[in-house]
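Just below is one structure, and these are the notes that go with it.
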Amino acid sequence: MPEPASSAPTPAGEGALPKTYDPAGTEARWQAAWEAAGAFHPDPSAAGEPFAVVIPPPNVTGSLHMGHAFNTALIDTIVRFQRLQGKNVLCLPGTDHASIAVQTILEKQIKAEGASKEDLGRDAFFERAWAWKAHSGGTIVGQLRRLGYSVDWKRERFTLDPGLNKSVVEAFLRLHEQGLIYRGEYLVNWCPASGSAVSDLEVEMKEVEGSLWHLRYPLTPLEDGPTGATGATGTAGAPAAAPAPDHPNDHPIDHPVDHSIDHLVVATTRPETMLGDTGVAVNPSDPRYAHLVGRSISLPLVGRQIPIVADPHVDPAFGTGCVKVTPAHDANDFAIGQRHGLPQITVMAKDGSMNAAAGRFAGLDRFEARQAVVAAMEAEGLLVKVEPHRHSVPYSDRGKVPVEPLLSTQWFVRTEPLAARCRTALDNPAGAEPRFVPERWSKVYRDWLTDIRDWCISRQLWWGHRIPAWFVVSETGGVITEATPYVVARDEAEAWAKAEAQFGTAGQAAGQAAGAVGLAAAQPLQLEQDPDVLDTWFSSGLWPFSTLGWPDSGAADLAKWYPTNVLVTGFDIIFFWVARMTMLAGALLHEADPNRTGPDHLDPAHPAAAAPERPVGDRDSWIPFRDVYIHGLVRDENNRKMSKSAGNGIDPLLLIERYGADALRFALVREVAGAGQDIRLDYDRKTDTSATVEAARNFANKLFNATRFALMNLGGETPASLGEPLLAELESEDRYILSRLVRTSSQCAELYGSYRLGEAAKLLYEFAWNDLCDHYIEWAKPRLFGDDPAARTTARRVLARSLEALLVMLHPLMPHLSEDLWHAVSGAEATEFLALQRWPQPDQQWLDPSHESAFQFGIDAVRAIRNLRALSAVKPSEKLPIGIHTPTAARQAFVVANQGKIARLVGASELHWEAEPTAGQLLGIVDSDAQVGLTVPQQSLDALRERLQKDLVKSEKEIAGLAGRLANPNFAGKAPAEVVAECQANLAEAQAQAELLRGRLGELG
RNA sequence: GCCCGAUUAGCUCAGCGGUAGAGCGCCUGCCUUACAAGCAGGAUGUCGCUGGUUCGAAACCGGCAUCGGGCACCA
């Protein structure tokens, strides 16, 4: 016995064995053993087809929930299966720094201490952040280990570690060089709570009950109206001036031009933004207002003269058909403003309060300002009405407050060229890249890549990758503005070099070095690194290659394992993550060329360079993963998505402690049969129990006991020492289980390989519980318990083979249990691992459906007898004479050959067989060709009669259906011949059975 | 508004052209020396509704209903 298996089954004779499996000790032991042996630390130069998965790095925001356990169970099942296929498997773990989420947590903590991050300063803040990372990351890694994740911990990465920072900087630099990153002032989603810009994806629309305020905007009288004011909108006048004469419908006759209009009414959900209005827009084809286009409005409360412009965006049917235009605070207005050259006036500060441009409202919070503006308008008699209005408001995912569209200078990734490349890959005629499983998600992915908007990647945060751009602040008076020139560089030294080359005057380098030495240069060069950091998803987007060593293309891991084989993740991050990875890979690895010069050249001396890896020239092989397996979410007992924020998450460790990691894993995977569908976990919060996981735990225990039984009956032998079963010596149940084994091993491999993991789990469950335990072992017991050495050896061989193969196949799903039991059964050294064995290759000769069906008759006959016994009043323990009646020679032979086994299984004092039943027996029907009979006192026949009646009704119903079908000439004419034949056979069978049933009923009276 | 799922036994879900399955639960009986976390036997469904295609539909197509999700969004 291997030492690690202290609580594992031990061969008979070593004293009392536990009757139940105790997962806790076993799981911890094997996790330690695997890791100590480096079992999952692959060598890129080793042989074997590469198979790589990078795990979705969990955020270091606390601990993992059931969704992570689910993802882990799926990935680990896949990679363990591939390892059993003999591939050189890398499964790379890591965690994500989650800028905004972690910073939010930390700031909350700091605030609770009565301070701010500015009070602490960057250095002290980072100390806290890294301490937090160590704590949370440690918890997470501990949880992943506890699940038995077969990842390579030596390659564990963190998105903010130095290696990944190098990738991030390099990626930024190259994208910038390619013109795919730009900086500029645009309207961005501003989260006042976190004080940062966020991307479109981090904004969630929420329906709220708001109000629609109708405000009166007086027209500036013509004589006062500085006609020059309309000059800026000159372009707008042209299309709006006269409705096209060839579109008479555009000019309804019941809208006579009203020259008495002296004001317009606009409707808004955000009255406070009126302070920043720079125009009012109407639809160009709206006859009510066409004549006013070009006139001016005197903006109330502010007094600014703003033009009336004509813009097709305005829906004449909504409200009054007049829209106030606030280009600096609304995306649509921004676009209108651009089209008409309207100024952009920002009236809010970055903390969500009103700024100086808001005049007397300055300093008020945006929501206070809303009330104040409404009150002021009302006081001036300009509030026409207020209507309740249900509408969507953009909320910040993290900050949980409405985002403010705000003009701000930020960095952006130009996404369209990247998205176009991804769309092309998806349209690859040789097969979509990546291939989504289930396929329907590719549509979601494509839709998002179509009409994509640029990606704002800068964040006004501290925790994250600092943007590798240095501003030449000496060019703009020592401050950073939108106009400040900058250089993008790998580090500060390179930044200085670049800046000098572009802007340099002699001496600034010395100035930098010496600091205090003031040179007489009129304008010494001053550099200042951008204080902002990058969106976390920018670094996550590099994950499949940054973790493998990119941009160092001499990296052996990159050469061996890129592109990875499959990405396994939830549908909720297809946009955030999957699409970002493919887009960034497209920009950074698309041109991958082994001959390129510079730091990326592949050193021909490196072993990876010579290894015959997958062809680099493969079309679109830059796509970082061949398959994307999208799984559902874990929902709670009330069908709600489990999440931290909803507070309904379940710590997987609770269930692991109660049932074991293998049980939890098996339960999660078994539930996933319909790939991509959400799974519901029936978790009882009061008792911390789950029937689903409990069932899996019971399955684990069943396997444990089956192995215990085997060990007690293999006489200390192992599959290897016993040798292969010999075909000539096999008995019915041997033929049955071996044939089932051949089919199960190939079906199961097919299911695992095509990500139908739930089906694989169910298949193995049935094979183990039904075929092996219920049927094989029970039928083989007489030989195993008997004293015929030859027969016993054959049964031992078959049992040992089948059980060992089962444990291998089960290993991806229940790694610890299978590893433990495999050691016990195989007698393998403690230094050997099931995890590194090969998928079973049972002898194809064993496959024999005719033997399977022959044995199935035995199963059916036993069941029929047991059923009959249950109906009779005979005590279960009482042995009695039993007969099996069948005219078929093969079946008679089967009964003869298995007489003792069957007698044992049905509690027969004597088992006889005859073609026809003898009189005086209580008879049960197996099928039209076989009956079973008990010799019992004629009592309690009512139950039997009832049963037979029921069967007869069923039979007759079947006959009616089948006969009806066959009577239809179209059926006989059009259905395939084999279907018709089958139908006829079924009918004959049903008729024969009905005949027997009637006979029995007749006898019973 | 656009797109996508789901609707099958009491519950959770498979099945996706040949006439309905599993697990749990339920009923009955068993401490049968691997396992009561077990064994044996059993019951349970007009497969959401409605048209159509087909010899044949739970499955394929159209419509409807209910539930859920995603995207977009007019002040």
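FYI, side chains are in, hydrogens and waters are out, and symmetry mates aren't considered; it's all heavy atoms of this structure. Residue numbering restarts at 1 for every chain, and letters A, B, ... go by the order of the sequence lines.
- Looking at which nucleotide of RNA chain B each of A:A870 and A:A706 is closest to, the 5′-most match is held by A:A706.
- With B:G69, B:A34, B:G18 as the candidates, the nucleotide lying closest to the side chain of A:I777 is B:A34.
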Subject >> Sequence-aligned protein contact record of nucleotides 22-31 of chain B, with B where the base is within under 4.0 Å of a protein heavy atom and S where only the sugar-phosphate is >> reply: SS-----S--

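- With B:C55, B:C39, B:A72 as the candidates, the nucleotide lying closest to the side chain of A:P976 is B:C55.
- Residue A:D315 is in base contact, counting any heavy-atom pair closer than 4.0 Å across all strands shown.
- Counting atom types as modelled, A:R965 pairs a side-chain N or O with a base atom of B:U19 as donor and acceptor under 3.5 Å.
- If you measure from atom NZ of A:K879 to atom C1' of B:A40, you get 14 Å, rounded to the nearest angstrom.
- Among the heavy atoms of the strands lying under 4.0 Å from A:T20 is at least one base atom, whether or not backbone atoms are also near.
- Between A:L772 atom CG and B:A34 atom P the separation is 15 Å, expressed in whole Å.
- No hydrogens or angles were tested; on distance alone, a donor-acceptor pair under 3.5 Å links the side chain of A:R697 to the base of B:A37.
- Comparing the P positions of B:A20 and B:G29 gives an interatomic distance of 31 Å, to the nearest angstrom.
- The shortest side-chain heavy-atom distance between A:V374 and A:L383 falls under the 4.5 Å cut-off.
- Rounded to a whole angstrom, the distance from the P atom of B:G62 to that of B:G10 is 30 Å.
- Note that A:R965 lies in the cation-pi zone of A:F971, set by a 6.0 Å cut-off to the ring centre and a 45° limit from the axis.
- Within the 4.0 angstrom heavy-atom criterion, only backbone atoms of the sugar-phosphate kind lie near A:R680; the bases stay farther away.
- Looking at the side chain of A:S392, the nearest of the listed nucleotides B:C55, B:C73, B:G70 is B:C73.
- Here A:R270 lies out of heavy-atom contact (under 4.0 Å) with every strand.
- The separation between A:E956 atom CD and B:U19 atom C1' is 18 Å, rounded to whole Å.
- As rounded to the nearest Å, B:U32 and B:G41 have C1' atoms that lie 15 Å from one another.
- Taking atom CG of residue A:N705 and atom C1' of nucleotide B:C39, one finds them 13 Å apart after rounding to whole Å.
- Nucleic acid contact for A:R658: none, since no nucleic acid atom lies under 4.0 Å from a heavy atom of the residue.
- Residue A:K950 has its side chain nearest to B:U44 when only B:G18, B:C4, B:U44 are considered.
- Nearest nucleotide to the side chain of A:R635, out of B:C4, B:A34, B:G69: B:G69.
- Side-chain atoms of A:L784 and A:F709, non-hydrogen and from C-beta on, do get closer than 4.5 Å to each other.
- Between the CG atom of A:D572 and the P atom of B:C71 there is a distance of 10 Å, given to the nearest Å.
- Among all heavy-atom pairs drawn from A:F666 and A:A696, the shortest one is CD2-CB, 3.9 Å.
- Side-chain to base pairing of A:K702 with B:C35: one donor and one acceptor N or O lie within less than 3.5 Å of each other.
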